[in-house]
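Beneath this line is the structure, given in structure tokens, with notes to follow.
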There are 2 protein chains.
Amino acid sequence: MTVENLKKRLLSHDIRPSKPRVAILKYLIEHRTHPNVDSIYQALAPEISSLSKTTVYNTVDLFSERGVIQRLTIDDKTTNYDADTSVHPHFLCQVCGAIYDMPEVTDLSALPDAGPHELHDIQIYYRGICAKCKDSKKAYS
Amino acid sequence: MTVENLKKRLLSHDIRPSKPRVAILKYLIEHRTHPNVDSIYQALAPEISSLSKTTVYNTVDLFSERGVIQRLTIDDKTTNYDADTSVHPHFLCQVCGAIYDMPEVTDLSALPDAGPHELHDIQIYYRGICAKCKDSKKAYS
DNA sequence: GTGCTTGCAAATCGTTTGCAATAGC
DNA sequence: GCTATTGCAAACGATTTGCAAGCAC
């Protein structure tokens, strides 16, 4: 996605496309690893030398509130972010810590409805051992 | 549930039924409010004067690992615990912070399967505004 | 008495806050 | 110029860790 398109996307959510904001959105779109604030900061600090972690926090908070990205609380140590805002389960590997996307849930009617409550967000989390870690475990036994 | 039954339940998970452990399990079974460590500690400290928060942390960790209770990461500020280990969505009210149980999901085949990964745990989280908070908001408008 | 359990106190670390410097309209 | 944005440094707070004392079999 071009920088121009990234800017348009931010503007459509009433967000001023500052340099760090565009860079963070670009990073999230190009790296579907569900990074946390620290990963984003470490990755972008070399290219935006003045970047601070506070700005990354401010930005991902703003993006989540405006629906540009979604916030994942699958890992109790940290908060992760995903530029794909569709409803799809995430799988957390309890061995290596990686987070995988699962196929989108298109038929939301399969889930219990929220009853009298006003629903804003649905998150589905799976936890276990990913295929890669399962295999390397097997190699040792 | 009697203390005797609580003890049996712990023993069946290979957990020695010490006094704080029984008290914490009892509290979780009788209070379906999905408390966090601090709430459990505040509630039990008067009756077990020597209780420390470390013990509550140790205990809920042990219980979660052994499958006696489930750990909820729906609230990014804290970890909450639920003695009901069935797969049922939880609703977090973003206004008052309360966590509600939603009806159990009996047909898990409606969810995408975990593919090549080894699945240990499924969590479904809803966030929004609960009926109570929605109503009191209405009263002001 | 040996190993499990408890609990104090200190450390850790992700995140938030206060505030001053800066940039964009 | 005024407001939004950035970023440093300090504060915060939930959780973890190290370790010594206590308890159970």
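Each chain gets a letter, A, B and so on, in the order its sequence line appears, and its residues count up from 1.
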Within a strict 4.5 Å, meaning less than it, do heavy atoms of the A/R9 and A/M1 side chains meet?
-> yes
Looking only at heavy atoms, the pair that brings B/P116 and A/K134 closest together is O-NZ, 2.7 Å
Given C/dG7, is OP1 or OP2 found less than 4.0 Å from the side-chain N or O atoms of B/S50?
-> yes
Do A/L111 and B/L111 have side-chain heavy atoms sitting under 4.5 Å apart?
-> yes
Starting from C1' on D/dT17, measure out to CG on B/D61 and report it in whole angstrom.
-> 13 Å
Drop me the distance from B/L10's CG to B/N5's CG, to the nearest 0.5 angstrom.
-> 11.0 Å
Taking distance alone, no hydrogens or angles, what donor-acceptor pairs closer than 3.5 Å link side-chain atoms of residues 20-28 of chain B to residues at least two apart or in another chain?
unit_1: B/R21; atom_1: NH1; unit_2: B/R16; atom_2: O; d: 3.0
unit_1: B/K26; atom_1: NZ; unit_2: B/E30; atom_2: OE2; d: 3.4

Strictly under 3.5 Å: I want the nitrogen or oxygen pairs between protein and nucleotides 17-25 of chain C, one per line.
none

In residues 63-78 of chain A, which ones come under 4.0 Å of DNA chain C, going by heavy atoms?
-> A/K77, A/T78
Hey, is the side chain of A/T79 poking within less than 4.0 Å of OP1 or OP2 on C/dT15, counting only N and O atoms?
-> yes
Given side chains that start at C-beta, do those of A/D38 and A/I40 come closer than 4.5 Å, heavy atoms only?
-> no
Compare every heavy atom of B/V37 with every heavy atom of B/Y81, then report the nearest pair and how far apart it is.
-> CE1-CG2, 4.1 Å
Provide, to the nearest angstrom, the distance between the OH atom belonging to B/Y57 and the P atom belonging to C/dA9.
-> 17 Å
Might you point out which heavy atoms bring A/Y125 and A/T73 nearest each other, and give the distance in Å?
-> OH-N, 2.9 Å
Which heavy atom of B/P17 sits nearest a heavy atom of B/K7, and at what distance?
-> CB-CG, 3.7 Å
When the distance from CG of B/N80 to P of D/dT15 is rounded to whole Å, what number comes out?
-> 9 Å
Between the axis at one end of the helix from C/dG1-D/dC25 to C/dC25-D/dG1 and the axis at the other (five pairs apiece), what's the angle to 10 degrees?
-> 20°
Residues B/R71, B/D82: salt bridge by 4.0 Å N-O rule = no
For residues 95-108 of chain A, which side-chain donor-acceptor pairs fall under 3.5 Å, sequence neighbours excluded?
unit_1: A/D101; atom_1: OD1; unit_2: A/H34; atom_2: NE2; d: 2.8
unit_1: A/D101; atom_1: OD1; unit_2: A/H88; atom_2: NE2; d: 2.8
unit_1: A/D101; atom_1: OD1; unit_2: A/H90; atom_2: NE2; d: 3.1
unit_1: A/D101; atom_1: OD2; unit_2: A/H34; atom_2: NE2; d: 3.4
unit_1: A/D107; atom_1: OD1; unit_2: A/S109; atom_2: N; d: 3.2
unit_1: A/D107; atom_1: OD1; unit_2: A/S109; atom_2: OG; d: 2.4
unit_1: A/D107; atom_1: OD2; unit_2: A/S109; atom_2: OG; d: 3.4

Find out whether B/V60 and B/T79 are in side-chain contact, i.e. whether some heavy atom of one side chain is under 4.5 Å from a heavy atom of the other.
-> no
Proximity to DNA chain C (any heavy atom under 4.0 Å), residues of residues 17-42 of chain A only = none
For B/L51 against B/Y41, the heavy-atom pair lying closest together = O-CE1, 3.4 Å
